[in-house]
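Every chain is numbered from 1, with letters handed out A, B, ... down the list of sequences.
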2 protein chains.
Amino acid sequence: MQLSELSRRSGVSAASIKYYLREGLLPPGVTVSARKAEYDEDHLRRLRLIRALLTVGGMSVAQARDVLAASHDPAFDRHTRLGVAQYLLPPHVTAPPEDTPEGATWRERRGEVLTLLRDDLGWQIHDGAPALDALTEALTTLDSLGYATATASLRDYAVALRPIAEKELAIVDEHPAIDEAIEAVVAHTVLYEPVLLSLRRLAHEDVSARLHPPA
Amino acid sequence: MQLSELSRRSGVSAASIKYYLREGLLPPGVTVSARKAEYDEDHLRRLRLIRALLTVGGMSVAQARDVLAASHDPAFDRHTRLGVAQYLLPPHVTAPPEDTPEGATWRERRGEVLTLLRDDLGWQIHDGAPALDALTEALTTLDSLGYATATASLRDYAVALRPIAEKELAIVDEHPAIDEAIEAVVAHTVLYEPVLLSLRRLAHEDVSARLHPPA
DNA sequence: GAGCAAGGATAGTGCCACTATCTTTCTATG
DNA sequence: CATAGAAAGATAGTGGCACTATCCTTGCTC
C-alpha cells in the first residue's frame, strides 16, 4: 500500500507518518519509484504501536525510537533484549550528587530498598536497574513532604504486584518469535501501566465510598 | 522569609517561583513593601509539593494548578473534595465519537468493565469516573494491537490492587485537617504511582531472571 | 505532453516551561 | 541627603518538542 493508504487505515496524518519516517520510528517502505513507496501490514502494525506508545504510554518520540531500535538490535539475545527494552523505557531519573546531604540520604534509601527486595523478598534484580532509581526518587520525594513510607508497606506493594508480574511474563513467553516477544514486552510494560493505575484509582473510589457513604 | 530565601531553601530558581506565582500555583506572600514580600513555611511546603507533582508526577503546570485549586475550594465537603482532587488528576481521555465503529466497540468495552467492577466485584464507583475512560482507552488500544485482555486477568489486577487502596485510604484518614487530607490524597495518588510502577518492573525483572536464568 | 497526485525535503507553527531583562521601589551606607 | 544596590513585579524572549504546511521533483495517466 502507499503512504496515503497507510495514513487512511491508521488514522495518522500523512505528514505525521513522514515525520516518524524521518525520525526513524517507522522503517522506510520499499521505494518503487521516486513518487511511490510500498508499505505492508507490518508497517501498519508498527504505526499503531508507535501511536500507542506516544498517546497511551506518554512517551516522547525520541524515547519511542530508542526503545524500538534496541528491541530489534540483533546483537542481544532474547533475555537481554527483553531487559534492554524495559531498561530503556521511561522514566529515567538521575541520582543527586554524592557529596550533598540529599545525595547521601538518597543513596541510603536506595540501599534499604535493594536490601528489602533482594534479601528479604529474595528477588533477583540487577543493582543498576533504572526502576530502582525511579523508586528511590519517589520515596525520597515523599519523605521530603513528610510522608514517611514504612518498609512494611513497601513490602505489601511488592507482594501484591508479584503475581501480576508472573501472569504478564507468561503471556510474553507465549510468543516464540523474538520480534513478537519484544513488541509484547514493550506493549505490556507500557500499555498496562494505565490499566494498573486506573484500577487503583477506581479501587480508591470504592474504598472511599464505603468509608464515607454519600448522603 | 523573602523570595530569595524561599528559592535557596527549596532549590527552585527565583524566576521559576515567580512563574508559579503568576500561574496561580503558589499563593502570593504577604506584601510588606513594594520590594519585599514575606513567605512562610507553608509556602515552602507547597512549593515542594508543586515540584513533586511536576517532576515525579509528570503533571503539567496547568494540571497542577487546577488540582491544587479544587482541593482547597471550600464549596465542597471533605469526601467530595477528596474525589474532586482525584477526578482532576491526569490523564484525561475523551471517548471516540459515538457514530463510528471504534466508538461503538469502545463504549461496549467500557460497559463490560463497569459490569465487572460493579456487579461482579461489587465496587461502588461512579459511572463518570475518568479512570474508567482511561482504563477503557488502554484496553481498546491493546485490543487493536492484538493483545486481547481477558476479563479474568482484569479481575486479577483489581483483586490485587484492592488491599493496596485500603491501606492508602487509611493513611489519608489519619489526617483530620481537611487541607492536610487533601494534600495527602493528591500526594499519594500521584506520587505513589511511580512507586507502584517501579515495583512492577522490578518484579518483572525477577520473574524473567527465574524463567530465563542468565549464563 | 499536460495535468496532477505522490514522495521527499525544508521551513514554519503552536504550545509549554521556564528564563533573561527591564523598571520600579525601597533601604542601607557614606 | 544622595546614591548604590538589591528585591519585586511585569514583559518579552528562549529552547525543545511534536507536528504541519509548503514547495519541488518525479512519473503515471489520459
Practice problem: With sequence neighbours excluded, give me every salt bridge (charged side-chain N to carboxylate O under 4.0 Å, His left out) pair touching residues 132-142 of chain A. | Solution: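 Non-adjacent pairs meeting salt bridge (charged side-chain N to carboxylate O under 4.0 Å, His left out): Arg110(A)-Asp133(A).
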Self-check item: Summary of salt bridge (charged side-chain N to carboxylate O under 4.0 Å, His left out) pairs that have at least one residue in residues 8-33 of chain B, sequence neighbours excluded
Solution: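 Only Glu5(B)-Arg8(B), Arg9(B)-Glu41(B), Glu23(B)-Arg65(B) qualify under salt bridge (charged side-chain N to carboxylate O under 4.0 Å, His left out).
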Quiz item: If a stem is a run of at least 3 consecutive Watson-Crick or G-U pairs, both distances under 3.5 Å, which stems include DNA chain C?
Solution: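 DNA chain C stems, ordered by first number: C:1-30 with D:1-30.
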Quiz item: Among all residues two or more places apart in sequence or in another chain, which pass the side chain to side chain donor-acceptor pair (under 3.5 Å) test with Ser16(A)?
Solution: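 Expected list: Ser13(A).
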Quiz prompt | Contacts of type side chain to side chain donor-acceptor pair (under 3.5 Å), residue Glu112(B), not counting sequence neighbours | solution =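 With neighbours one apart ignored, the set is Arg109(B).
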Exercise. Please list, chain by chain and in numerical order, all residues satisfying ring pair (Phe, Tyr, Trp, His ring centres under 6.0 Å) with His188(B), sequence neighbours excluded.
Key: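 His188(B) satisfies ring pair (Phe, Tyr, Trp, His ring centres under 6.0 Å) with Tyr147(A), Tyr192(B) once adjacent residues are dropped.
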Quiz item: Is there a donor-acceptor contact under 3.5 Å linking the side chains of His126(A) and Glu205(B)?
Solution: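 No, no side-chain donor-acceptor contact under 3.5 Å.
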Practice problem: Could you note down all residue pairs passing ring-ring contact (aromatic ring centres under 6.0 Å, His included) where residues 10-62 of chain B supplies at least one of them, sequence neighbours left out? | Solution: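 Pairs touching residues 10-62 of chain B that pass the test: Tyr39(B)-His43(B).
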For the atom pair [atom1] ([X]) and [atom2] ([Y]), what is the distance rounded to the nearest 0.5 Å?
X	Y	atom1	atom2	answer
Leu161(B)	Leu199(A)	CG	CG	6.0 Å
Asp143(B)	Trp106(B)	CG	CH2	13.0 Å
Leu26(B)	Leu3(B)	CG	CG	8.5 Å

For the pair made of [atom1] in [X] and [atom2] in [N], what is the distance, rounded to whole Å?
X	N	atom1	atom2	value
Glu5(B)	dA6(D)	CD	P	17 Å
His43(B)	dA8(D)	NE2	P	12 Å
Leu47(B)	dA17(C)	CG	P	16 Å

Exercise. Go through the structure and list residues passing salt bridge (Lys or Arg N to Asp or Glu O under 4.0 Å) with Glu38(A), not counting sequence neighbours.
Key: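 For Glu38(A) there are no salt bridge (Lys or Arg N to Asp or Glu O under 4.0 Å) partners, ignoring immediate neighbours.
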Quiz item: Looking at residues at least two apart in the chain, or sitting in another chain, which of them share a salt bridge (Lys or Arg N to Asp or Glu O under 4.0 Å) with Lys36(B)?
Solution: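 Lys36(B) satisfies salt bridge (Lys or Arg N to Asp or Glu O under 4.0 Å) with no residue once adjacent residues are dropped.
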Quiz item: Can you list, by residue number, the residues of residues 11-27 of chain A that have a non-hydrogen atom closer than 4.0 angstrom to DNA chain D?
Solution: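 Hits under 4.0 Å, by residue number: Ser13(A), Ala15(A), Ser16(A), Tyr19(A), Tyr20(A), Arg22(A).
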Exercise. Please list, by residue number, the residues of residues 51-64 of chain B whose heavy atoms come closer than 4.0 Å to an atom of DNA chain C; answer none if no residue qualifies.
Key: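 Hits under 4.0 Å, by residue number: Arg51(B), Leu54(B), Ser60(B), Val61(B).
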Practice problem: If a protein heavy atom is under 4.0 Å from the base, mark B; if only from the sugar-phosphate, S; if neither, -; do that for nucleotides 25-30 of chain D going 5' to 3'. | Solution: -BBS--
Quiz prompt | Test: Arg46(A) and Glu183(A) ion pair at under 4.0 Å | solution =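 A salt bridge is absent here (no side-chain N lies under 4.0 Å from a carboxylate O).
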